[in-house]
Each structure stands twice: as C-alpha cells, then as structure tokens.
There are 4 protein chains.
Amino acid sequence: MECSIDSKPRWERRKDARPQELLAAAIDLFVERGFAATRLEDVARRAGVSKGTLYLYYTNKEELFKAVVRESIVPFIGEAEMSVAEFEGHSADLLRHVMLSWWSRIGQSKASGISKLILAEAGNFPELAKFYQEEVTRRGTRMISSMLERGVSRGEFRNVDIPQLTQVLIAPMMMLNTWKHCAVAPCDAHELQPLAFIDAFLDMALHGLLPRTAP
Amino acid sequence: MECSIDSKPRWERRKDARPQELLAAAIDLFVERGFAATRLEDVARRAGVSKGTLYLYYTNKEELFKAVVRESIVPFIGEAEMSVAEFEGHSADLLRHVMLSWWSRIGQSKASGISKLILAEAGNFPELAKFYQEEVTRRGTRMISSMLERGVSRGEFRNVDIPQLTQVLIAPMMMLNTWKHCAVAPCDAHELQPLAFIDAFLDMALHGLLPRTAP
Amino acid sequence: MECSIDSKPRWERRKDARPQELLAAAIDLFVERGFAATRLEDVARRAGVSKGTLYLYYTNKEELFKAVVRESIVPFIGEAEMSVAEFEGHSADLLRHVMLSWWSRIGQSKASGISKLILAEAGNFPELAKFYQEEVTRRGTRMISSMLERGVSRGEFRNVDIPQLTQVLIAPMMMLNTWKHCAVAPCDAHELQPLAFIDAFLDMALHGLLPRTAP
Amino acid sequence: MECSIDSKPRWERRKDARPQELLAAAIDLFVERGFAATRLEDVARRAGVSKGTLYLYYTNKEELFKAVVRESIVPFIGEAEMSVAEFEGHSADLLRHVMLSWWSRIGQSKASGISKLILAEAGNFPELAKFYQEEVTRRGTRMISSMLERGVSRGEFRNVDIPQLTQVLIAPMMMLNTWKHCAVAPCDAHELQPLAFIDAFLDMALHGLLPRTAP
DNA sequence: GATGAATGAGATTTCATTCAT
DNA sequence: GATGAATGAAATCTCATTCAT
C-alpha cells in the first residue's frame with residue numbers, strides 16, 4: 001500500500017513490458033520537467049528499474065526521447081496518412097476527421113506536452129530538432145498538404161495555395177498545445193474549450209476551402 | 001619574468017555601462033537557450049567581463065533574470081497602464097493602441113523570447129514563476145481588464161464578461177509570441193504576418209465589444 | 001590510442017566498505033583542517049574514490065560531518081547511558097568508570113578533534129551547532145546529571161547542586177580535549193599526563209561529592 | 001545620514017585614526033568568525049572604508065591579523081616583561097600580579113578570542129602559527145620562566161623544574177580562554193567565575209612554589 | 001591617499017554514462 | 001539480462017587581491 005511510486009508487484013512484470021514501462025515513465029517526466037531537466041535516474045525509478053537497465057533498452061537520453069516520440073506521436077501520423085490514402089468520402093469530412101483525431105490522440109494526451117517541449121528545447125538539442133523535424137513535422141506537413149491536394153484534385157476544394165494553407169491549418173493546433181501546457185504562470189487557460197475551438201476553426205477554414213456555391 | 005611591465009589594463013572601468021551590457025548579453029542568451037541552459041560564464045563573456053564581475057551586479061542567476069524582465073517587459077506594462085489612465089479618446093482606439101504598442105515593444109523585440117521561456121520553464125523554477133506572475137501577468141491582466149471596464153463604464157463597449165474577455169484578448173498575443181519563437185523545428189512560421197493578424201483579430205474583437213448600432 | 005584495452009577496472013566495487021572508508025577519511029581531514037577548510041574532494045581522494053562517489057553516500061558536507069559525529073561520538077554517549085542505567089555498584093565507581101571510558105573512547109581518539117572543531121566553528125555553522133547540541137551536548141549533560149542524581153538518591157553522594165556540578169565535571173574533559181589539539185602553536189602540551197590529570201581531578205571531585213564520614 | 005554602519009561623521013575622521021579603526025573592526029570579526037571565515041570586505045565596511053583602503057595599510061589578510069595580534073596581545077607581554085624586570089617585591093606577589101593583569105588585559109578582552117582562534121586555525125596557516133609562536137608563545141613562555149627563575153634565585157621559590165612549571169602555569173589560562181569562547185554549543189560556561197578560579201589556582205600553585213616553612 | 005570595479009582560482013554539488021558483478 | 005557503484009565534466013557562486021581612476 002504505502003504508496004511506492006508504482007504498485008505493480010515486481011514479480012508479475014514481464015520482460016516484454018519493460019520498454020513500455022520505461023516509455024510511460026519517460027513521457028511523464030519529459031512532459032513534467034522538459035528534456036534537459038529530466039533525470040534518467042528518475043525515469044528508471046518511476047519505471048521500477050535501475051538506471052543501468054534503462055541503458056539496456058535505450059543507448060542514451062536522446063534515444064529514449066526519440067522512442068517516446070516514436071511511440072506517442074509518430075503512429076498518429078501514420079494513421080492519418082492511411083486515412084488520407086484510404087478515405088473515400090468528401091475531403092471536407094476527411095479534414096474534419098483528421099483534425100478531431102489529432103485532438104483526441106495527441107492534443108488530449110501527454111503527447112501534446114512533447115510537442116511543447118520541442119518548441120522550447122529544440123534549439124539546445126539540434127540532433128533532436130532534426131529528428132523531430134524529419135519524423136514528425138515534415139511528415140505531418142506532407143500529410144496535411146496531401147489532404148489539400150486530394151481536395152483540390154477531386155474538385156472538392158478550391159484551387160488554394162497549398163503550402164500556405166497547410167501552415168494555416170497546423171498553427172492553431174500548435175496553439176492549442178501551447179495553451180494546454182501554460183497553466184503555471186502566464187495565462188490561466190481554464191476557460192479554453194478545445195473542441196469548440198477546433199469546430200469553429202474548421203468551419204472557418206472550410207469556408208475558405210469549399211468552392212463557392214451559387215446563392 | 002615575474003613582473004612583465006606591459007601596461008594594457010586587465011579591464012576597463014565602466015561601471016555605469018555594465019548593467020546594460022550584462023542585461024543585453026543575458027537577454028540574448030536567455031532567449032537563445034532558455035533559463036536553465038544559459039551559463040552565467042557565457043553571459044559574462046558575451047558582455048566582455050569575467051564571471052565574478054557579473055556577481056557584482058546581480059546576486060545570482062534568478063536575480064539576473066528578474067532584472068532582464070524588469071528591463072524588457074515591466075516598463076511596457078507601466079506605459080500601458082499610463083495610457084489607460086490618461087487616454088482621452090474612444091476605448092476602441094485605446095485598445096488598438098495598446099495592442100499595437102505591445103507588438104512593437106514586446107512582440108517584435110527579444111522580450112517576446114522571455115515570454116516564451118517562462119511558458120517553457122516556469123514549472124522548473126517556481127520562484128521565477130511567482131515573480132513573473134506578480135510583476136507581469138497579474139499587472140498585465142489588470143491593465144487589460146481596466147481597459148474593458150473603462151469602455152463599458154463609458155458606454156463605449158457592451159456590458160461584456162470582463163474576466164473572460166481579458167483572457168480572450170491576451171491569448172492571441174501569447175500565440176504570436178510562441179509562433180515567433182518556433183522557427184527551429186516544428187512549424188515554419190515565415191508566412192506569419194503579425195500586424196495583419198493583430199488587425200484582423202482586433203476587428204473581430206471590437207465587433208464583439210462595440211454596442212450594436214442601429215442598421 | 002583511443003581504445004586501450006587494458007582491463008584495469010576504473011574502480012572497485014565495495015559498497016559495504018565505502019561508508020567506513022569515507023568516514024575514516026573525513027574524520028582525519030576534519031580533525032586536521034576543521035570543517036570549513038576541509039575540501040570534499042580531498043576526503044574523496046583520501047578514501048580512494050572520486051568526488052561524485054562521496055555524494056552517493058552523503059548528501060552534502062554537513063551530512064558527512066553529522067555521520068562522523070554519529071559514528072565517533074554518539075555511540076559513546078549511548079554506552080555511557082547504558083552504564084548509568086545498569087550499573088549496580090557505588091556511584092563513585094560509576095563516575096570513575098564513565099570518566100575513564102570517555103578518555104579511552106573519545107579523548108584518546110580522533111573524536112576529541114571533532115569536539116575541538118565544534119568549539120571553534122559552531123558559530124559559523126548554526127545547523128551543525130544545533131545538531132551537535134542535540135545529539136551530543138544535551139545527551140551528555142543529561143547522562144552526567146543522571147549519574148549525580150543516582151548518587152544522591154542512593155545516599156552515596158551529598159545533596160549537591162546537580163546542574164552546577166554537571167558543568168564542573170564536564171569542563172575539565174573539554175579542557176583535556178583542547179590541550180590535546182593545541183600542539184601546533186600556542187602551548188606545547190607534551191608534558192600533559194591525561195590519566196594522572198583525570199585521576200587527580202576525580203579525587204578532588206569525589207572529595208566534594210562523598211558524604212562526610214566521621215573522623 | 002543614510003545609516004552607514006558606523007555613524008561617525010566622515011569628515012571628523014583623521015587619517016591617523018584609520019589603522020586603529022581597521023584593527024578594531026578586524027579584531028571584532030576575527031573573534032566572531034575566525035580567520036579564514038572573515039571577509040576583508042566586511043572588515044573594511046565595518047571600519048567605514050573601502051576594501052582598497054585596507055590594503056593601503058595592510059598588505060594582506062595575514063598582515064592584518066598580525067597587526068591585530070601586535071596591538072592586542074604583544075603589548076601585554078612587553079608590560080609583563082617590564083614588570084618582571086622591574087618588580088622589587090616578593091616573587092609570589094609578582095606572579096599574582098602578572099596573572100591578574102593577564103586576566104584583565106587579555107582574558108576579559110577580545111584578545112582572548114584571538115588566542116582561541118589560533119588554537120583552532122593555526123594548522124591551516126603555518127605562517128601565522130610561526131608568527132604567533134615567535135611573538136607571543138615564545139616570549140610569554142620566557143617571561144613566565146624568568147619569573148620562576150627570579151623566585152628561585154632570590155630564594156623565594158623552591159628549586160622547581162622551571163620548564164615544566166611554566167607549562168603548568170600557562171595551561172589554566174588557556175583553559176579560561178577556551179571556556180570564555182565556547183558559549184555557542186558544547187558547554188554552557190555561565191557558571192564559570194574566572195577570578196575565583198584564578199585565585200584558587202594561584203593559591204595552589206604557590207603552595208607548591210613557596211619554600212616549606214617550619215611548622 | 002582613497003576608491004571600488006574587476007579578476008579568476010577554487011569550492012560545492014549534479015547527473016549522464018559506464019561497467020564489474 | 002539486471003544492477004547500481006563509480007566516474008568526472010560542468011555549473012553556480014565566493015572572495016582575496018589588484019589597479020585604473
């Protein structure tokens with residue numbers, strides 16, 4: 001009882017679970033304290049293993065972080081890419097679907113904290129910045145762009161400036177992220193209603209995307 | 001050998017300029033690397049002095065940071081408070097004036113980086129969070145609120161929910177800040193046009209604030 | 001160059017022995033140089049480990065010092081308390097026994113140097129002063145007092161002023177301590193014969209304590 | 001105005017007073033904090049001058065300390081030597097006179113703190129130890145010895161072992177010193193009555209020194 | 001003479017990473 | 001595989017001493 005950090009009995013833990021447990025501990029601490037300020041010893045302790053064990057699974061702090069990103073963010077991009085590739089309906093519905101999925105899979109989860117962390121610390125860890133750029137930003141951007149291309153080529157969207165509009169669609173999501181994680185000092189974000197915000201934003205965006213219908 | 005007689009001064013005495021030079025170096029590095037990752041020795045070196053000299057002017061890292069905030073952000077709040085107190089025209093013009101001043105004094109300057117830094121690191125430095133909360137956030141919030149009160153009491157604004165609207169006015173500014181400083185990895189913000197954004201945003205906000213005029 | 005394959009271990013694993021080795025090194029240096037002037041790096045080196053290792057065992061310099069006190073002085077007080085509690089003979093014999101034990105366990109050992117160090121540096125380290133006061137001085141004083149009480153209540157000592165006499169008994173021991181550690185400059189104490197001194201002192205003290213017998 | 005540490009008006013201070021003021025400040029702080037822990041900046045501030053000024057009068061910390069010793073302790077030894085040389089009465093009275101003078105000139109003054117400081121820190125500052133040894137200990141020892149020689153050669157004292165007895169006479173004075181300055185932690189010396197102690201001690205000592213008179 | 005700004009070596013403490021067991 | 005003791009570079013902060021003004 002006595003509140004050890006995690007109360008799973010040691011003997012039930014299977015080897016295969018280790019990476020999961022480590023990643024779970026890692027994402028908690030990275031989100032809570034940032035990359036630089038997270039001590040690997042704390043990660044290990046929270047996962048219920050020793051410091052050395054952590055290094056059996058991840059060569060160093062950066063690799064651990066990459067693994068966290070690969071587990072918590074990258075899969076969503078894959079799914080979204082799949083959606084885009086396979087979706088059969090109207091591009092406006094696809095767009096709405098992807099945005100809402102993003103919110104439920106990333107925005108609401110701890111993964112949003114990782115996103116904010118990158119914003120704050122990428123400058124100090126170029127290797128991490130490069131990795132995130134390639135694995136997340138670039139692919140995410142491409143995925144959004146391809147959605148727009150799909151819409152345009154199917155005649156469901158107007159012939160918009162795709163790179164520009166891609167940015168416009170990404171930015172508010174980043175903003176939501178930031179908001180979610182600024183409870184400490186500068187803005188009390190408890191008034192924020194993310195879903196309503198996303199809805200309103202999509203309406204606005206689609207308004208600009210959909211072909212003008214005759215009055 | 002012991003006593004070389006070359007007379008180049010080991011240092012230059014320039015007490016009055018020092019604090020400015022140190023603060024300039026400090027804001028550069030804080031914005032570039034964040035609070036924790038900035039080494040005081042680097043600040044000193046960039047200001048052209050030794051480690052010890054820095055401590056003649058600022059007791060420790062946190063005090064240096066506070067001094068940076070006091071120099072780069074707090075005065076703007078004071079000015080804005082003055083504007084609010086002394087302004088004689090229509091509250092809508094006051095609002096526009098304050099927002100644009102914010103952009104030119106904070107948003108465009110390195111001070112916006114400090115704002116982002118607080119977002120990212122406040123959690124790890126409670127003392128700093130508290131300081132910023134009291135000296136900046138609280139005062140800023142009050143200042144915005146009092147602008148709204150002025151508008152309402154003069155009949156220039158509708159009878160809005162002031163605390164709520166205060167948040168709504170602050171948030172986009174924080175967002176601009178974030179955008180400005182996320183060039184590194186996740187979003188390429190080169191498309192962003194801050195002034196246009198602020199304009200659009202103010203139009204929208206004022207639309208909600210101004211009393212409905214008869215058609 | 002880079003990868004010499006010589007297999008001498010960078011360190012030797014000997015967890016159980018470490019605390020002892022560190023404490024031994026620490027007491028040596030504390031006694032030799034005092035608290036403030038002792039560098040933890042030197043303690044570590046003398047114990048044959050690196051700076052960092054020391055911190056695995058003791059959180060900081062003060063804790064290391066406390067550990068030294070706990071190991072070298074506190075146990076003696078415990079033993080003395082036991083003696084007082086369990087002793088069955090005449091209180092004069094108890095008193096003599098405790099005093100001589102003190103000399104052989106503390107006075108003759110390095111622990112006496114710790115006692116002198118506290119005298120000299122307590123003023124600069126209030127936390128240490130408090131600790132020593134509580135763990136050593138207070139308990140020691142109580143122990144002596146209770147010996148006197150025992151003597152009085154068993155009719156073996158006269159009805160003396162106990163607090164006062166407690167001081168009188170402690171003081172000469174402190175003096176012996178001081179003497180032992182002033183070899184450096186001011187007084188050459190090589191003439192001092194501690195046991196003879198203690199004997200003489202006890203005779204004198206008991207003369208004042210024992211009930212007057214009829215001539 | 002401004003509440004400078006000492007409120008003597010700056011303009012009344014004469015140059016000649018400087019060394020005195022510096023020594024006064026220095027002895028205060030040395031006694032309060034010890035040699036190593038005393039910061040020259042504090043000494044200067046307490047004397048109402050700048051750090052640089054202090055160096056005009058004393059080349060470094062050790063020289064300042066020596067000056068303190070020369071001012072506060074050495075003169076007493078000179079006086080005592082004079083007394084010994086010039087005294088015309090019985091050697092027992094001379095001894096009593098010197099001992100009581102010591103108490104009033106050194107023991108009761110801050111100088112006793114210097115004596116304790118040397119005890120504590122001499123080991124870390126060999127140069128200081130050597131200085132003190134030569135200027136104080138050696139001379140003091142010689143002075144006491146010569147008193148004994150005087151007594152013996154005049155037939156007023158028995159033919160005692162002079163070096164040995166010299167130590168015996170010095171030791172209790174050192175003890176008084178120690179006692180005076182151990183108020184902080186280990187022994188509460190408020191019961192101590194120095195003059196009574198000295199009296200008793202002298203009685204005892206003289207008992208051993210004076211020739212046996214016929215019964 | 002007086003000042004106090006400037007220096008820089010040095011002390012404590014932290015933590016990613018290694019590796020003998 | 002797992003452990004955790006050990007390392008050592010690095011960061012913050014202090015203070016005796018110097019020297020241009």
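Chain A is the first sequence line, chain B the second, and so forth, proteins listed ahead of strands; every chain is numbered from 1.
Closest contact between the side chain of D/Lys51 and the listed nucleotides F/dA5, F/dT3, E/dG4 involves E/dG4. The side chain of A/Arg39 approaches E/dC15 more closely than any other nucleotide in the set E/dC15, F/dT17, F/dT3. Distance from the side chain of D/Val49 is smallest for E/dT3 among the nucleotides E/dT3, E/dA16, F/dT17. Listed nucleotides: F/dT12, F/dA5, E/dT7. Nearest to the side chain of B/Leu40: F/dT12. Checked against E/dA5, F/dA6, F/dA2, the side chain of A/Tyr57 finds its nearest nucleotide in F/dA2. Taking every side-chain heavy atom of A/Tyr55 into account, E/dA16 is the closest of F/dA6, E/dA16, F/dT17. Counting only heavy atoms from C-beta on, A/Thr53 has its side chain closest to F/dT3 among F/dT7, E/dA6, F/dT3.
The base of F/dT17 is not paired with the side chain of D/Lys61 by any donor and acceptor separated by under 3.5 Å.
Ring planes of D/Phe30 and D/Phe35: parallel class, angle under 30° (limits at 30 and 60°).
When both pairing distances are held under 3.5 Å, F/dT21 makes a Watson-Crick or G-U pair with E/dA2. Shown here, F/dA9 forms a base pair with E/dT14; the pair counts as Watson-Crick or G-U wobble because both key distances fall under 3.5 Å.
DNA chain F is contacted by both B/Asn60 and D/Ala37; B/Asn60 maps to the nucleotide lying nearer its 5′ end (nearest heavy atom per residue). Comparing C/Gly52 and B/Gly52 along DNA chain F, the residue whose closest nucleotide (by nearest heavy atom) sits nearer the 5' end is C/Gly52. Where D/Leu54 and A/Glu62 each meet DNA chain E at their nearest nucleotide, the meeting point lying more 5' is that of D/Leu54.
Around NZ of D/Lys66, the count of heavy atoms belonging to other residues, nucleotides or ligands within 6.0 Å exceeds 12.
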